[in-house]
Each structure stands twice: as C-alpha cells, then as structure tokens.
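Heads up, the thing below is written out as structure tokens.
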There are 2 protein chains.
Amino acid sequence: MKEQIRQMSIQLFAEKGFKETSIQDIVNALNVTKGTFYYYFTSKEQLLMDIHLSYIDSLLQKQKTILEDPQKSYREKLHEVVYLLIHDIEKEGLSAKVYFREMRNLSEPHLSLIASKRDLFRRQIEEILRSGMEKQEFRDDLPVDIVALGVLGMANWSYFWFDPSGRETDSSISDIFIKILLEGLKGST
Amino acid sequence: MKEQIRQMSIQLFAEKGFKETSIQDIVNALNVTKGTFYYYFTSKEQLLMDIHLSYIDSLLQKQKTILEDPQKSYREKLHEVVYLLIHDIEKEGLSAKVYFREMRNLSEPHLSLIASKRDLFRRQIEEILRSGMEKQEFRDDLPVDIVALGVLGMANWSYFWFDPSGRETDSSISDIFIKILLEGLKGST
C-alpha cells in the first residue's frame, strides 16, 4: 500500500502540482481512508521527501556503480553518467517532473539533505573529470566545476524536451552529447 | 506606472510565485488602487503574458542582431548566443525566474504564442549550426536539432546555479562552454 500511495501521489503531483493536491485527493484516488495515508506518512511533505529521496538515492547508487567500475576509462564513465541522466528522465518521467519542479516545497532539514545529495552527484562528476584529467583522458585547462555544470545542464535540460516517442532514443541522444563533449563541434576550416 | 506595476509584479512573482500573488498584493506594494492596475492590464494572466513577451522578444531581438552580422563567423555567432543566454539570466535574474517557472500559468492562445517564440529562438540556433556546417566551420555528422538542444541546455541550466557574485563571470562561463562545445574535452591519450 505504501508503494501505491507513492505512485498515485507522483502521478497527482506531476499532473496538478504538489500544492494543488490534497491528501484527500490522494486517498480518494486510491479509494482508501486518510487513516491509511497517516499509517505510512506523517504529512504530505514527508511523502514528497520520500519521493525526492528515492529519486536521488537511486541515481547516486547507479552513479556509484559506474564510478567504481575498474574496467572503464574516465571517458566511458562520463558517457555512462550522461546516459544515466537522460535514461532516468525517460524512464522515471513523472518522478523526474516532481523532482525538478517541487523541490521548493520541501522545508528544512529535508531541503538541505536533498540539496547535499544533489551536490554529491555533481561533485562525483567533477571527480570523474579530475581523475580523467590526471590520466590525460581529458584536457586539463578548464575548471572542473564549470565543466561539470555544463555536462549536467546538457543532460538535465532534456527533461524539458525529450520525447521518448520521437526519432532519437535516450541512448542515441547521449551518444551525440558525448561526441560534442569529447570531440567538439569544430569542422575542418 | 505600467512599468512600475511590471517591475513590482516580477519581484512578487519571483518571490512568492504567480498563483500565490494576488492583484491586491501588487497594488498594496505600490500603494495604488486596483483601478490603477486594471487601467493597464485586464487580468493577472495578461500581466504575466506581458512579462513573458518582453523577456522572449528582447532575447529574439538580440539574437537577430547576432545572426545578421556579416562580419562574424558562425563559430563566433554560436559563442555570442551562448553568452547572450547566460548574460541575460544574470542581468534579468528575476524576470528569468518568472519566465522559466511560471510559463505553465499562461493559458491559450498566450501559451502557444510564447511556445512558438521559444521555438524560433531554438530554430535560429539550428540555423547558425546548419550554415556553419555548410561552411565547414562545424562538423556535419551530428543532427542539428539535438546539437541545438545540447547548446541550449548547457547555457539555460546556468539559471539554476549561476551566482553573479561567484568566481566566474557570465563572460568567463560562456568562454569555457564555447571551448567545450567547439574543441571538446578530450585530452592527449
């Protein structure tokens, strides 16, 4: 039941917005009582926090697997992180929507915890870049923090435009982005 | 007075959100009557549309100047469009916030008009890429639409992190981004 409440809430928050959805709306949609809701969650905000935590924890877990793979070059790791972000936005469309749009409805200390986990994800991209620079896989004349934000921007912005039913897949888009990021757009003149 | 209403509303919408700000809040903050508001705007949504239109029209106007400059290479034009976006997010911080966050509160036909102007901005980046590919300034083996979205993502994402009081300026960030975009991150191995 907890998972059903989470899934229904993600759907309602994505459709109508967090503020515009009441606990009554959630229990009505599931045909259960408010008592059932409060058995699993102390408040609507705690439920929102739960959704945010699962989203970022799952991304961090997948990123960790990529980081720790000793077989992969840092270029490959960067490619996989870009793919991870675009793939997740596709696969977890509604959760991504709630994650990107409703963070401002979290209050402290929830907000700080999510912010620090987002920071960790970003700093681990910096770590890939830094290690790759040391191995000369990446050029080392650009500041890693701004490069990491550029990579994140390119991938995360797909949230606003990626259409899974369109011509390009999550995989082909990350291939194109990694080509731009690694090789650049310069032509022969 | 019209401009004062616009500026105060941008501030209130950015702070509290569009839905959470009433016309009463706006006129109270300016110490004028509701009659004054309705002399200039027919509704709160029309005011929001007015803010959206000024924002995108000003960007399109500046983009047009860049596009039409016969002295500049397409690489330089791409650089200037990236700078334009980051600079505007810095300079028009509160307007950018309202523009990025409150678009969903526009109704038709307003929404379609703003969407088509956003599309035009994006298609004009594609145009720079396409013309630059023909002149071999850019590689021509990547789809222009996805490349344009990557460029836009990198620049627009700065809305979420750019701090004008930080180490890097709008100008140094766009220099770094254009180096990544044109030359790529690959190192020597």
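Below, chain A is the first sequence line, B the second, and so on; all start at residue 1.
What you find for B:Lys19 and B:Lys44 is that their closest heavy atoms are O-NZ, 3.7 Å.
For A:Asp163, the CG atom is densely surrounded, since the number of other residues' heavy atoms within 6.0 Å is greater than 12. Shown here is A:Asp141, whose CG atom has more than 12 heavy atoms of other residues, nucleotides or ligands within 6.0 Å. The environment of OH in B:Tyr39 is sparse: at most 12 heavy-atom neighbours from other residues, nucleotides or ligands sit within 6.0 Å.
Salt bridge present: A:Lys16 and A:Asp25 bring a charged side-chain N and a carboxylate O closer than 4.0 Å. Using a 4.0 Å cut-off between charged side-chain N and carboxylate O, B:Lys179 and B:Glu183 make no salt bridge.
Defined by atom type and a distance below 3.5 Å, a donor-acceptor pair is present between the side-chain atoms of B:Gln7 and B:Glu3. Under the 3.5 Å distance criterion, with hydrogens and angles disregarded, no donor-acceptor pair is assigned to the side chains of B:Arg139 and A:Ser188. A donor-acceptor contact closer than 3.5 angstrom is absent between the side chains of A:Ser172 and A:Arg167.
The contact between A:Phe177 and chain B is made entirely by side chain atoms (from C-beta outward), counting heavy-atom distances below 4.5 Å. Contacts between B:Leu149 and chain A at a heavy-atom distance below 4.5 Å involve backbone atoms as well as side-chain atoms. Residue A:Asp175: no heavy atom, backbone or side chain, is found under 4.5 Å from chain B. Only the backbone of A:Lys135 comes within contact range of chain B, judged by heavy atoms closer than 4.5 Å. Only the side chain of A:Glu168 comes within less than 4.5 Å of a heavy atom of chain B; its backbone N, CA, C and O stay farther away. Of the two parts of A:Leu142, only the side chain, counted from C-beta on, holds a non-hydrogen atom closer than 4.5 Å to a non-hydrogen atom of chain B.
Most heavy-atom pairs under 4.5 Å with chain B: of the set A:Gln136, A:Arg101, A:Met154, A:Met133, this distinction falls to A:Gln136. Most heavy-atom pairs under 4.5 Å with chain A: of the set B:Asp145, B:Val151, B:Asp140, B:Ile173, this distinction falls to B:Asp145.
For residues 64-87 of chain B, heavy-atom neighbours of chain A at less than 4.5 Å comprise B:Arg75, B:Leu78, sorted by residue number.
Relative to the ring axis of B:Phe37, B:Lys2 does not place its NZ or CZ within 45° and under 6.0 Å from the centre.
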